[in-house]
Colleague: 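Just dropping this structure here.
Numbered from 1 within each chain, the chains take letters A, B, ... in sequence-line order.
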Number of protein chains: 2
Amino acid sequence: MQAAISILDNEGAAGLTFRALAGRLKTGSGAIYWHVADKDELLAAATDHVIAKFEPQDVGRLSPQEAIRALALGVFDAIDSHPWVGAQLSGNPFQYAVLRILEGLGTQVVALGIPEKGRFNAATALLSFMLGLAAQYAVASHHFRDGSDRTTALRAVAAKWMELDPEQHPFIHQVAPLLPVHDDREQFMAGIDLILAGIDTSR
Amino acid sequence: MQAAISILDNEGAAGLTFRALAGRLKTGSGAIYWHVADKDELLAAATDHVIAKFEPQDVGRLSPQEAIRALALGVFDAIDSHPWVGAQLSGNPFQYAVLRILEGLGTQVVALGIPEKGRFNAATALLSFMLGLAAQYAVASHHFRDGSDRTTALRAVAAKWMELDPEQHPFIHQVAPLLPVHDDREQFMAGIDLILAGIDTSR
DNA sequence: ACCTGAACACCGTTCAAGT
DNA sequence: ACCTGAACACCGTTCAAGT
């Protein structure tokens with residue numbers, strides 16, 4: 001697991017092959033199949049390893065809203081320090097790491113006093129938002145793997161956006177300059193707060 | 001494009017290979033590279049084709065909230081009738097199809113009267129939620145490709161959830177029975193409404 | 001300008017054979 | 001019980017050669 005995560009961190013998702021992992025572990029590529037059914041299971045295990053590490057402790061002391069924010073920050077930080085986790089979470093939403101997140105969110109949704117009928121929708125709305133933004137960060141980080149930093153890479157994307165026909169894309173043009181300067185963590189938490197506010201009105 | 005979409009619809013994303021597409025078009029696999037840079041571009045083009053087809057017309061007549069709901073329903077229906085679109089949207093959030101959706105959402109967020117600072121977060125929150133739920137439907141549909149229908153497949157997933165330790169997964173246990181009977185479209189729109197309500201309180 | 005199709009450099013996965 | 005590593009059945013992509 002350590003070796004797999006280290007490869008994923010250093011070479012990205014494409015770098016984790018059975019041959020590469022076997023090489024690092026000084027074993028044959030077939031040996032890995034004794035411990036893991038296939039590549040999906042390998043990636044799911046690595047992802048859960050990371051998500052579990054960033055799960056906040058002692059969430060019980062916090063208000064439900066604060067607990068949900070803490071859970072969200074944990075997911076954000078996990079993705080922030082291991083960019084491949086974003087793609088893996090959204091690419092395989094039935095893996096255990098995602099259930100782990102849903103369980104945490106759901107417990108707090110119950111604590112918020114949402115009636116039984118609304119709990120499923122409220123918890124999965126929070127979860128889906130996280131997975132969706134996770135997917136975006138995943139691609140973003142993929143785009144600036146080659147040395148260039150985040151800002152210059154996003155500036156390149158923004159420049160592409162500005163090339164689109166401004167008549168047909170007024171909003172994209174309006175928002176493109178914000179792309180290179182915006183703060184991912186702030187965006188992530190703003191979305192959470194928006195959904196929390198929406199949940200609050202539904203009580 | 002027609003041939004690619006037809007393969008994607010019938011065989012899923014894994015079925016679309018350059019060899020398969022070339023075979024269907026009665027040409028060589030290398031020929032496709034004259035028209036498309038690589039597989040990402042091929043998939044992005046197919047995805048935009050579908051998303052554009054399901055974009056609602058005459059959104060101008062509707063209130064901003066109703067317009068956002070109409071846009072969301074279009075995305076939902078696109079995924080519903082072409083399951084591979086869900087994975088493709090969330091797996092590649094910088095492709096043009098996603099910008100198309102963001103432009104539609106953003107225009108309505110502006111119409112809602114959100115101040116400039118909040119527009120980016122509001123529009124991307126709606127977008128991220130859609131992409132995240134799209135990713136979930138993508139995997140779900142993948143799970144019951146082999147003949148079994150949606151309900152029996154989700155029942156199998158729910159049964160797996162019930163095998164988890166109930167002490168550590170109370171919410172998962174509570175919500176598992178809802179999984180096979182819940183309505184995807186209702187869940188999708190409930191999330192949109194939650195975010196819209198949240199946006200409303202932020203005005 | 002566009003097509004052909006063999007060739008290249010990979011993959012994940014399997015499995016007879018080992019220890 | 002666990003490992004070895006060649007072999008299989010694929011991929012996306014390239015490119016000299018054609019029309």
Colleague: Assert yes or no for the condition that the ring centre distance of B:Tyr96 to A:His169 is strictly below 6.0 Å.
Modeller: yes
Colleague: Among the nucleotides C:dT13, C:dC3, D:dT13, which one has an atom lying closest to any side-chain atom of B:Ala31?
Modeller: C:dC3
Colleague: How long is the line joining CG of B:Leu42 and P of D:dC11, in whole Å?
Modeller: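 Rounded to the whole Å, the gap is 14 Å.
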Colleague: Out of D:dT13, D:dA1, D:dA6, which has the shortest distance to the side chain of A:Ser29?
Modeller: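 Taking heavy atoms from C-beta onward, the closest nucleotide is D:dA6.
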Colleague: Atom OH of A:Tyr33 and atom C1' of D:dC8: how far apart are they, to the nearest Å?
Modeller: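 That distance rounds to 13 Å.
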Colleague: Between P on D:dT14 and CG on B:Asp38, what's the gap in Å once rounded to a whole number?
Modeller: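 Answer to the nearest Å: 8 Å.
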Colleague: Using whole Å, report how far CZ of B:Phe18 lies from P of C:dA7.
Modeller: 21 Å
Colleague: Can you confirm if the aromatic rings of A:Tyr33 and A:Phe18 lie within a centre distance of less than 6.0 Å?
Modeller: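 Centroid separation for A:Phe18 and A:Tyr33: below 6.0 Å.
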Colleague: How long is the span from the CD1 atom in A:Ile199 to the CD1 atom in B:Ile195, to the nearest 0.5 Å?
Modeller: 10.0 Å
Colleague: So, for B:Phe129 and A:Phe129, is the gap between ring centers shorter than 6.0 Å?
Modeller: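 Ring-ring flag for B:Phe129/A:Phe129: false, centres at least 6.0 Å apart.
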Colleague: Quick one: look up who C:dC15 pairs with, Watson-Crick or G-U, both distances under 3.5 Å, and put none if it's unpaired.
Modeller: D:dG5
Colleague: Taking the nucleotide of DNA chain C with the closest heavy atom to each, which residue, B:Gly28 or A:Thr17, is nearer the 5' end?
Modeller: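 The answer here is B:Gly28.
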Colleague: Have a look at A:Ile32 and say if it touches a base, only the backbone sugar-phosphate, or nothing, with a 4.0 Å heavy-atom cut-off.
Modeller: nothing
Colleague: To the nearest Å, how far apart are A:Asp40 CG and C:dC11 P?
Modeller: 17 Å
Colleague: Determine the Euclidean distance between corresponding C1' atoms of C:dC3 and D:dA16; express it in Å to zero decimal places.
Modeller: 13 Å
Colleague: Rounded to whole angstroms, how far apart are CD on B:Glu41 and P on D:dT13?
Modeller: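 Computing the B:Glu41:CD to D:dT13:P distance gives 11 Å.
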Colleague: Tell me which nucleotide among C:dA1, C:dA7, C:dT13 gets nearest to the side chain of B:Arg19.
Modeller: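 Minimum distance to the B:Arg19 side chain belongs to C:dA7.
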Colleague: Rounded to whole angstrom units, what separation is found between the CG atom of B:Leu21 and the C1' atom of D:dG12?
Modeller: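 Rounding to the nearest Å, CG of B:Leu21 and C1' of D:dG12 are 13 Å apart.
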Colleague: Could you tell me the Watson-Crick or G-U partner of D:dC10, where both distances fall under 3.5 Å? Say none if there is no partner.
Modeller: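 With both distances under 3.5 Å required, D:dC10 matches none.
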Colleague: Side chains of B:Leu154 and B:Val181, heavy atoms from C-beta outward: is any pair under 4.5 Å?
Modeller: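 Side-chain contact under 4.5 Å: no.
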Colleague: Given D:dC3, is OP1 or OP2 found less than 4.0 Å from the side-chain N or O atoms of A:His35?
Modeller: yes
Colleague: Where the side chain of B:Trp34 is concerned, which of C:dA1, D:dT13, C:dT14 is the nearest nucleotide?
Modeller: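 In terms of side-chain proximity for B:Trp34, the closest of C:dA1, D:dT13, C:dT14 is C:dA1.
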